[in-house]
Amino acid sequence: MNATVPPAELGPQQHEMPFAIVDGEPVTEPPKDLYIPPQALKVFLEAFEGPLDLLLYLIRRQNLDVLDIPIAEITRQYLEYIDLMRDLELELAGEYLLMAAMLAEIKSRMLLPRPASDGAEEDDPRAELVRRLQEYERFKRAAEDIDHLPRLERDVFPGKAELVERHVAPLLPDVTLKEMLLAFKDVIQRAAMFAHHHVQRERLSVRQRMSEILLHLHGGELIDFARLFRVEEGRMGVTVTFVAVLELLREGLLDIVQADTFAPLHVRAAAPRPTPAANDDAAPAAT
Amino acid sequence: MDEQSLKNVIEAALLAAGRPVGAAELRELFDEFARPELAEVERALEQLAADYQGRGIALKEVASGWRIEVRAEFSQAVSRLWQERPAKYSRALLETLALIAYRQPITRGEIEDVRGVAVNPNIIRTVIERGWVRVIGHREVPGRPELLATTREFLDYFGLKTLDDLPTLAQLKDVETLGVQLEFEPQAAGPEASDVQEAPGAEPPAAVAGD
Amino acid sequence: MDEQSLKNVIEAALLAAGRPVGAAELRELFDEFARPELAEVERALEQLAADYQGRGIALKEVASGWRIEVRAEFSQAVSRLWQERPAKYSRALLETLALIAYRQPITRGEIEDVRGVAVNPNIIRTVIERGWVRVIGHREVPGRPELLATTREFLDYFGLKTLDDLPTLAQLKDVETLGVQLEFEPQAAGPEASDVQEAPGAEPPAAVAGD
């Protein structure tokens, strides 16, 4: 920084002006005639994070405690900085002016003589300001602390290894029984099948047994009819099997074979029926 | 610089880089006064590769330098980190599955008759691949359509002992309230849970059926 | 599964994941029949951490799980792999972040009350886009302002396991003692004390003016 003649408009405040680091060293004792380029001043003033930050700076600069602010002096200095910001045409947030008004109010209240009787109970007019300053300072410190934490990208580098081949076996969706039942209820309602009450009474174990018997006969061989029944299932099981066989017969899915009168009954899956030569006819006619 | 520190810096750099790094570039990471010779870097790389024997990772030289990779034998397990949450099954699939359960043995044409729309063959394939449905025969009509039925796995998945544990159509009318009651049921003890009878609409066990 | 294989899969997974992985998720990487107990996974992690002693990398637990990172002593050398300087965050952003971290859930208005200035909406947007902060609800007052809170990614980014690991917030001094003149800060005794003395709370530190 070059020492030159101070510009006239900055003259009166000049001894108050702080300024930036020179060659990494903070300059604490500015020569009286040192010229501060307005840009540097601007950078300095812009660095304040609002009126509380500026006030804290003014207090700390004089090694004063937040708990005992010489309010008249601090108010004077604060207003000087506000004027400086205006002169430099910095965007001055409304909060700065609000704070100026608050300081002026505190100052005037402190000048008033306190009534002797209830003076002990009366709050110090600075109390609210002190509370806010302390509160702000805590978080200003906390922000610095967070900034000092070792963090990713700047201080901490996580290790990564290349996964050359990724085999992602997709997980299969889960289904709840309730979901399926709701879907079934809808489809049945659409098909108006609730009207058929014989369907309501149908035992699903018959259907299950039908599937089991058909699976059993899938190979195409003849099976002894009696072997379809299991005594250990009791009368109910036998009945279910019998109804299932009848139902399979009715649906044409099963043939019962008897070689001779009184010969054992055999069952087998229904044999393919002669189909028309033109298989195309077998396709369901689309309409 | 001793060998261990050299290896340490190289290991740290290769793991942090997220890309292959050449020996010359690795050398540049060291302060000038402590910069190793290229041959030393290469020797350290060889030692690192040897250290990784029998470990989950390996050091490999590719075109643009050295990189640390997951060993192929572990890629299967590691890949599970990216397993996506599955999409839900479609309404059409659930309806088809329910119809097979309630009306088995049933053909695709019969399902279509009830649903009033064509059944996408992918749906049938999906439920068969899932192990819930299988072809148990053919209906002896023109075209010999496949007869579909549910499997033992289907019952297991939904925590049912038999198809009779499914609610009747009459009970189904109240399936919403049925479901509300079920949510307060204590979790069934296991796949063979014997209390399924009391809870015909019991939620299936959380576990995905083995695949 | 033997201990070495367990360690190998865990090491491979942590290095492949590109994010911290929790012990429970690591356990899920194993086939059901070979799945270790959670305690075994935790023991393997401990052993892995011990294996890394004297090496270029370290195992660290953060909020969303475990990650392998370059040991602090090597980060300077490793940082030479990248040309660009890492992003710096403004004081306004850090103060806003500090308020959200220590005072969550908090509204923008409450942040403004403490800081004494309006919060630039870009700052909120930035911390949300970085995944450090999210809206977790609304305060039921006129205008229903958004309630902001930090995420696990915030903790991960700053190497913390829980919010309790944040540096302790300075104590408020008793306003009752108002009027008692104190010469110096009592907390100026710590290791950071020297900076504080030179520029007692004065930011920017560059600017210390004499009267």
Side-chain angles (χ1 to χ4, degrees), chain A residues 157-188 190-191 193-194 197 199-205 207-208 210-212 214-215 217-218 248 251-253 269-273 275-276 279 281-284 286, chain B residues 12 15-16 18 57 67-70 72 75-76 78-79 82-89 91 94-95 97-99 102-105 109 114-116 130 136-137 139-144 147 149-150 158-159 162-164 166-170 172-173 175 179 182 201-204 206 208 211:
Chain A
F157 304 99
K160 296 174 286 285
E162 189 73 20
L163 183 61
V164 182
E165 259 184 280
R166 241 200 233 185
H167 334 251
V168 182
L171 287 174
L172 297 171
D174 279 330
V175 181
T176 66
L177 186 60
K178 190 178 162 190
E179 281 175 284
M180 189 184 68
L181 293 177
L182 283 170
F184 185 54
K185 190 186 162 200
D186 279 3
V187 69
I188 290 298
R190 279 208 313 271
M193 278 177 66
F194 274 112
H197 73 263
V199 176
Q200 290 184 31
R201 278 210 308 261
E202 183 172 62
R203 290 183 52 90
L204 280 165
S205 46
R207 295 252 146 225
Q208 187 172 351
M210 285 164 70
S211 294
E212 285 165 9
L214 271 185
L215 191 66
L217 300 177
H218 202 22
L248 287 169
E251 292 192 22
L253 292 167
R273 296 177 192 178
T275 47
N279 254 340
D281 298 347
Chain B
L15 285 172
I57 48 177
R67 77 171 175 211
I68 294 174
E69 305 180 344
V70 170
S75 42
Q76 185 95 44
V78 168
S79 293
W82 291 276
Q83 226 152 32
E84 298 123 31
R85 271 279 98 200
K88 289 215 138 218
Y89 284 134
R91 192 75 182 181
L94 295 178
E95 288 182 6
L97 182 61
L99 277 167
Y102 275 87
R103 308 289 292 131
Q104 62 188 284
V114 178
R115 291 194 59 237
R130 188 79 198 241
I136 55 160
R139 203 179 279 292
E140 293 310 332
V141 294
R144 298 190 73 238
L147 283 165
T150 55
F158 289 101
T162 77
L163 282 178
D164 271 350
L166 284 172
T168 64
L169 293 184
L172 259 184
K173 284 179 176 164
V175 69
L182 293 173
E203 301 270 333
V208 179
D211 37 287

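- Between P173(A) and R130(B), the closest side-chain pair of non-hydrogen atoms falls below 4.5 Å.
- What you find for E165(A) and S75(B) is that their closest heavy atoms are O-CB, 3.3 Å.
- Listed here is the closest heavy atom pair of L163(A) and W82(B): CD2-CZ3, 3.3 Å.
- Residues T162(B) and S205(A) form no side-chain contact, since every pair of their non-hydrogen atoms from C-beta on lies 4.5 Å or further apart.
- Scanning both residues, L181(A) and Y102(B), for their nearest heavy atoms gives CD2-OH, 3.5 Å.
- One distance of note links CZ of R91(B) with CG of L182(A); it measures 6.5 Å at 0.5 Å rounding.
- Residue M180(A) comes nearest to L166(B) through the heavy atom pair CE-CD2, 4.4 Å, listed as atom of the first residue, atom of the second, then distance.
- With rounding to the nearest 0.5 angstrom, the CG atom of L94(B) is 8.5 Å from the OG1 atom of T176(A).
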| said: Could you walk me through whether V164(A) and R67(B) satisfy the side chain to side chain contact (heavy atoms under 4.5 Å, CB included) test, starting with their C-alpha distance in whole Å, then the side-chain angles of each, then the deciding distance to 0.1 Å, before giving a yes or no? | reply: CA-CA 11 Å; V164(A) 182; R67(B) 77 171 175 211; 3.9 Å; yes
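- The closest side-chain donor-acceptor pair between S211(A) and Q104(B) falls under 3.5 angstrom.
- Among all heavy-atom pairs drawn from L163(B) and Q208(A), the shortest one is N-OE1, 2.7 Å.
- A pairwise comparison of heavy atoms in Y89(B) and V175(A) identifies CD1-CG2, 3.2 Å as the closest pair.
- With sequence neighbours excluded, no residue forms a side-chain hydrogen bond (donor to acceptor under 3.5 Å, both in side chains) with R166(A).
- Among I68(B), V78(B), T150(B), the residue with the largest count of heavy-atom pairs under 4.5 Å with chain A is I68(B).
- Rounding to the nearest 0.5 Å places CD of E179(A) at 11.0 Å from CG of L97(B).
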**Message:** Test side chain to side chain contact (heavy atoms under 4.5 Å, CB included) on F157(A) and L15(B); report intermediate values, then the result.
**Reply:** CA-CA 9 Å; F157(A) 304 99; L15(B) 285 172; over 6 Å; no
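- With sequence neighbours excluded, no residue satisfies side-chain hydrogen bond (donor to acceptor under 3.5 Å, both in side chains) with S79(B).
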